[in-house]
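Excluded from the calculations below are hydrogen atoms, water molecules and symmetry mates; all remaining heavy atoms, backbone and side chain alike, are included.
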Amino acid sequence: TADSSAQFTLPDDWIAKTDEYIIQTSSLAAVELTRQIDFLLKYPYGCAEQTTSRLFPLLYFSDLVRFARPDLIGTRGADYFIQEGILKLVAMMRPDGMFQSWPSGSQVHYWTTVYASHFLLEADKAGFAVDNSILNTITDNLRQIAEGKREEADIPSRVYAAYALGRAGKLERRTVNYIRTLNAENMTAHSRFLVAGVLAAAGDSAAARQLLPAEIQPAIFDPIVGGH
């Protein structure tokens with residue numbers, strides 16, 4: 001506070017004149033996210049999943065970026081990064097609404113397709129420019145995935161597709177009816193939460209609450225770094 005002092009212990013094992021420290025203070029607890037924002041804006045890899053993961057938080061933290069790290073975005077603003085990211089994602093979309101892992105690749109992945117489509121629908125809701133033809137294509141594809149018409153898609157991808165449609169206000173009764181036929185009790189906690197979200201979006205709050213797990217024990221996975 002203004003009336004109290006603070007003490008900092010800085011690392012002492014750096015080579016002389018190679019270190020630099022910035023102390024940033026704020027009354028906003030969110031300023032603690034500065035390092036994570038720095039990581040997002042400078043993330044060097046760009047497959048469909050990585051691009052989406054970089055952009056999604058910026059939809060909700062653009063004001064924080066302007067406040068916490070204006071030096072990273074310059075005069076263009078966080079919106080510039082989001083709009084450029086939208087163009088990059090669209091360049092990885094096939095005519096059928098599926099997303100390639102890389103712009104020059106041919107491999108597609110269902111969960112990544114849903115993830116990228118979900119972001120584009122949310123970006124449209126937030127006021128960013130997404131072409132209507134793109135929105136119509138990804139919506140049609142999400143419905144095919146969510147209703148089991150793309151048989152290669154696993155259950156988590158189908159559930160997630162239905163959830164993304166619900167978030168966008170594009171959920172149809174036949175999609176909900178199909179999701180109801182799936183055995184949610186055998187799903188992971190994450191997928192059960194998504195099914196609950198689908199049912200809630202369809203107006204069945206009672207059924208949605210029954211699906212929510214009483215407790216969650218997060219799964220622990222070894223990191224996958226793709227050789228980097």
Side-chain angles (χ1 to χ4, degrees), residues 36 45 47-57 59-60 89 92-94 96-102 105-125 135-227:
Q36 286 78 7
Y45 309 115
C47 73
E49 180 275 322
Q50 292 161 336
T51 299
T52 305
S53 295
R54 178 175 181 254
L55 295 170
F56 232 137
L59 281 181
Y60 311 107
L89 275 180
M92 288 186 267
M93 192 187 83
R94 300 193 319 191
D96 62 355
M98 294 296 293
F99 281 79
Q100 300 168 171
S101 297
W102 296 92
S106 59
Q107 182 182 14
V108 296
H109 188 273
Y110 280 94
W111 191 93
T112 300
T113 289
V114 179
Y115 188 35
S117 300
H118 182 196
F119 165 75
L120 291 173
L121 291 172
E122 292 290 327
D124 176 66
K125 282 173 54 179
L135 294 172
N136 292 336
T137 298
I138 62 176
T139 298
D140 290 344
N141 187 50
L142 285 175
R143 288 197 178 111
Q144 291 187 53
I145 295 173
E147 295 171 11
K149 295 177 181 178
R150 289 194 177 274
E151 297 181 357
E152 302 90 345
D154 59 13
I155 296 301
S157 296
R158 298 179 191 187
V159 170
Y160 184 17
Y163 176 81
L165 290 168
R167 288 280 301 170
K170 300 177 182 293
L171 193 60
E172 295 184 346
R173 182 174 295 277
R174 68 172 185 265
T175 306
V176 179
N177 290 340
Y178 173 79
I179 295 299
R180 288 183 188 274
T181 67
L182 305 178
N183 187 356
E185 295 300 322
N186 292 334
M187 296 180 188
T188 64
H190 178 259
S191 290
R192 288 177 63 188
F193 269 112
L194 294 182
V195 173
V198 172
L199 297 179
D204 194 347
S205 298
R209 284 193 293 269
Q210 290 178 355
L211 279 177
L212 296 178
E215 62 176 351
I216 300 176
Q217 297 297 328
I220 299 176
F221 301 95
D222 292 330
I224 300 175
V225 295

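- The two residues Q100 and A48 make their nearest non-hydrogen contact at O-CB, 3.5 Å.
- No hydrogens or angles considered: a donor-acceptor pair under 3.5 Å links the side chains of E152 and Y110.
- Each of V114, T51, L120 was scored for a side chain to side chain contact (heavy atoms under 4.5 Å, CB included) with F99, with one residue passing: L120.
- Contact detail for S191 and V159: the closest heavy-atom pair is O-CG1, 3.6 Å.
- Residues T113 and R150 fail the side-chain proximity criterion, which asks for heavy atoms closer than 4.5 Å.
- Side-chain atoms of R180 and V198, non-hydrogen and from C-beta on, never get closer than 4.5 Å to each other.
- Checked options E172, R158, R143, K149; the residue passing with Y178 is R158 (criterion: side-chain hydrogen bond (donor to acceptor under 3.5 Å, both in side chains)).
- Nearest heavy atom pair, residue A196 against residue A208, reads O-CB, 3.2 Å.
- For the side chain to side chain contact (heavy atoms under 4.5 Å, CB included) test with M187, the passing option among V195, L194, L211 is V195; the others fail.
- Among residues two or more places apart in sequence or in another chain, the side-chain hydrogen bond (donor to acceptor under 3.5 Å, both in side chains) test is passed with T175 by E147.
- Looking at T139 and N136, their side chains never bring a donor and an acceptor atom within 3.5 Å of each other.
- Contact between Y115 and E49 at its shortest, heavy atoms only, is CE2-O, 3.8 Å.
- In this pair, F56 and F119 present their aromatic rings perpendicular. The plane angle is above 60°, beyond the 30 to 60° band.
- Rounding to the nearest 0.5 Å places OG1 of T137 at 13.0 Å from CE of M98.
- Rounding to the nearest 0.5 angstrom, the gap separating the CG atom in D140 from the OG atom in S117 is 11.0 Å.
- Closest approach of I179 to A146, counting heavy atoms only: CD1-O, 3.7 Å.
- The shortest distance between side-chain heavy atoms of N141 and M93 does not fall below 4.5 Å.
- Within the model, atoms CG of L55 and CD of E122 stand 13.0 Å from one another, a figure rounded to the nearest 0.5 Å.
- Between L142 and L121 the shortest side-chain heavy-atom distance falls below 4.5 Å.
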Open item on the list: Between H190 and Y160, does the side-chain contact (heavy atoms from CB on, under 4.5 Å) criterion hold? Intermediate values first, please.
Closed with: CA-CA 10 Å; H190 178 259; Y160 184 17; 5.8 Å; no
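- Scanning all heavy atoms of the two residues, the minimum distance from A161 to I145 falls at CB-CG2, 3.9 Å.
- Note that NE2 of H118 and CZ of R167 are 5.5 Å apart. Values are rounded to the nearest 0.5 Å.
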